Amino acid sequence: MANHKSAIKRHKQSLNRAARNRAARTRVKSAIKDVRAAIQGKDKGLADNALTLATSVLAKAAGKGALHWKKAARKISRLARAVNGIEAE
C-alpha cells in the first residue's frame, strides 16, 4: 500500500477511474446485447433503435477512454452490418 500522501491520492484516483471504466464497459455490453437480441428476433425497427443507442454508448465510452476508439468503430460497423442484413434474409 502507498505511504506518501501523493501516492495515496493517486491510488484513490486509479480506483475511481477503474470503477468508472468498468461501468462504461458494462453499459457497452448491455447495449450490444440489446442489439443482438433484436437481430435474433428479426425486428428491424427495434434493432434500428437499439443500434442508435448502442452507437451512442460505444462512442461515449471510446471518447472517455474506457474503450479503444478503433474497437468501438469495429463494433459499431459489425452491428450496423448485422442490422442491415435483417431485411436481406
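These numbers come from a predicted model, not from an experiment.
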Calculate, to the nearest 0.5 Å, the distance between atoms NZ and CZ belonging to K60 and R27 respectively.
8.5 Å
Does atom CD of Q13 have more than 12 heavy-atom neighbours, drawn from other residues, nucleotides or ligands, at distances under 6.0 Å?
yes
Heavy atoms, side chains only, cut-off 4.5 Å: are K75 and L67 in contact?
no
Calculate, to the nearest 0.5 Å, the distance between atoms CZ and CG belonging to R36 and D34 respectively.
12.0 Å
Checking S77 side chain against R74 main chain: does a donor-acceptor pair fall under 3.5 Å?
no
Is it true that a side-chain atom of T52 and a backbone atom of D48 form a donor plus acceptor pair closer than 3.5 Å?
yes
Is the backbone N or O of K70 less than 3.5 Å from a side-chain atom of H68, with the two atoms forming a donor-acceptor pair by type?
yes
How long is the straight-line distance from CD1 of I39 back to NZ of K44, given to the nearest 0.5 Å?
9.0 Å
I'd like to know if the side chain of S30 and the backbone of T26 have a donor-acceptor N/O pair within less than 3.5 Å.
yes
Can you tell me how far CD1 of I86 sits from CD of Q40, rounded to the nearest 0.5 angstrom?
9.5 Å
For R25, does the CZ atom have more than 12 heavy-atom neighbours from other residues, nucleotides or ligands under 6.0 Å away?
yes
Pairwise distance CG(N84) to CG(L51) - rounded to 0.5 angstrom:
8.0 Å
